[in-house]
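Chain letters run A, B, ... following the sequence lines, proteins first, then strands; residues in each count from 1.
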Protein chains: 2
Amino acid sequence: MRSDVLESTILGILQSEPTHGYDLRQQLASILGPFRALSYGSLYPCLKRMERAGLISRRDDSLPVTPARRSKIVYELTPAGTEHFAGWIGTQTPSDWEDEGFAAKMAFFSRTEAKLRLRILEGRRTRLEQRLSDLGDSIDITSKRVDTYTDLLQRHGLDGARREVSWIEELISTERTSHPSIPPALRSTT
Amino acid sequence: MRSDVLESTILGILQSEPTHGYDLRQQLASILGPFRALSYGSLYPCLKRMERAGLISRRDDSLPVTPARRSKIVYELTPAGTEHFAGWIGTQTPSDWEDEGFAAKMAFFSRTEAKLRLRILEGRRTRLEQRLSDLGDSIDITSKRVDTYTDLLQRHGLDGARREVSWIEELISTERTSHPSIPPALRSTT
DNA sequence: GTTAGCATGTAAGGAGTTACATGATTTT
DNA sequence: AAAATCATGTAACTCCTTACATGCTAAC
């Protein structure tokens, strides 16, 4: 995962409420999928970097909300962190086409403007279509080699890519129909 | 990709015919999918390591098969390399459960014994089922957080995981039916 | 009272990318 | 003759994992 994507995702989680590292990892895993979950050996140094960069700060929680004071370090957003997240969520970046960048952006879509949401989805679709055609080329190359299993593997990959594209297309059409403010003329420009 | 998986895959490709680095990369991409394709900055050092380890050797092709001698370096298997590949293809290792390890093994399945093939497929299925249940747990955790988009993302991930499992199950049942030597009693032990 | 899970961290090392550097061959 | 593609390689850098080290708290 690109470090800016990770940082922005952390900032996004912290925007809901101050959180400590261990818990942050669970949420990260549940948003991005348990696979891309990173290890603590990756997360804690990242939090330290972000603190040094002034994006987050350790919260001095003397609140007796949780009975006993533990050795938890609760992080919260600084104004700079809030601003950084607003910048990320309000713009389109190349990493938005990629798997993880896209997942991270989409997880916070309810805080994204409808127009930008659509643009990001369309960018993602373009990326997936390109991937689909690459996959097709690659299968053509191998087609001479008539190994049954290699073939099955490749077909499965192709299916997955196609499924990905149609999922995105459903999302796009849902976005368009639930925002009828967009003139119908634009809808066919796809 | 774990380096032993990469090395074994390279050995597997070289078993068909001696190949040079550039071409090896295309074949690697077409077998494993164009995504997991690695860069030359990764491949060439790996070939050098393998040469030093005695698994492959540079071929002195004075053969005038291709008209002009170019600056190509053609690698071929050494006896040690052949043996190494035979060991890998003939055994089950933990990396066979994982995405890349499994793809690499399956790409050479036509050179794998039917029994072992089945065991590897079943191991993969177990791994995928575990992944599926992890994903279910993770969605339960997030279910309180009723964000539409996070939800869509997670459902999509779950669908993908389920699709993966049923694909593997189809493969397994095909393996079993096309090898009726296996007593029917074993088939229900699934 | 001991096991399991919560919680934070560091050091070493693995794996791969990008950018750079170079040059041959084929196509337009 | 220029552009594209084939072909090999290195160095710096990024990102991440594993293994280790430590200690608290809750449940059995």
Legend entry - Rounded distance in Å - CD (E51(A)) to P (dT8(C)): 12 Å
Legend entry - For atom CZ of R25(B) and atom C1' of dT8(D), their distance in whole Å: 13 Å
Legend entry - Separation of atom CZ in R49(B) from atom C1' in dT10(D), rounded to whole Å: 14 Å
Legend entry - Polar side-chain atom of R131(A) near backbone of A161(A) as donor-acceptor pair, under 3.5 Å: no
Inset, instruction - Name the nucleic acid region contacted by G41(A), choosing base, sugar-phosphate or nothing; use a 4.0 angstrom heavy-atom cut-off, strictly under. - result: base
Inset, instruction - Choose from dT8(C), dG9(C), dT17(D) the nucleotide whose nearest atom is closest to any side-chain atom of L38(A). - result: dT17(D)
Inset, instruction - To the nearest Å, give me how far apart CE (M50(B)) and P (dA15(C)) are. - result: 14 Å
Inset, instruction - Mind telling me whether H20(B) and Y22(B) have parallel, tilted or perpendicular rings, with 30° and 60° as the class edges? - result: parallel
Legend entry - R59(B) to Y75(B) six-membered ring, cation-pi geometry met (6.0 Å, 45°): no
Legend entry - Distance in angstrom units between D4(A) CG and dC16(D) P, rounded: 10 Å
Inset, instruction - Could you grab the distance from atom CG of L152(A) to atom CH2 of W167(B), nearest 0.5 Å is fine? - result: 6.5 Å
Legend entry - dT10(C) phosphate, OP1 or OP2, under 4.0 Å from K48(A) side-chain N/O: yes
Inset, instruction - For the side chain of P45(B), starting at C-beta, report the closest nucleotide among dT10(D), dG9(D), dC6(D). - result: dT10(D)
Legend entry - Candidates dT8(C), dG9(C), dC16(D) - which lies nearest the side chain of R58(A): dG9(C)
Inset, instruction - Select from Y44(B) and S42(A) the residue whose nearest nucleotide in DNA chain D is closer to the 5' end of that strand. - result: Y44(B)
Inset, instruction - Compare the minimum distances between each of dC16(D), dG9(D), dG16(C) and the side chain of L6(A), then state the nucleotide with the smallest one. - result: dC16(D)
Inset, instruction - Look at S3(A) and dC15(D) and indicate whether a side-chain polar atom (N or O) is within less than 4.0 Å of OP1 or OP2. - result: yes
Inset, instruction - Establish, with yes or no, whether the OP1 or OP2 oxygen of dG9(D) is under 4.0 angstrom from a side-chain nitrogen or oxygen of Y40(B). - result: no
Inset, instruction - Could you tell me whether the side chain of T78(B) and the main chain of G54(B) form a donor-acceptor pair under 3.5 Å? - result: yes
Legend entry - Nearest-angstrom distance from the residue atom CD of E98(B) to P of dA15(C): 14 Å
Inset, instruction - Write down the distance between CG (L47(A)) and C1' (dC16(D)), rounded to a whole number of angstrom. - result: 15 Å
Legend entry - Residue K72(B), side-chain heavy atoms: nucleotide from dG16(C), dA7(C), dT8(D) that is nearest: dT8(D)
Legend entry - Interatomic distance, Y22(B) OH vs dT25(C) C1' [rounded to whole Å]: 12 Å
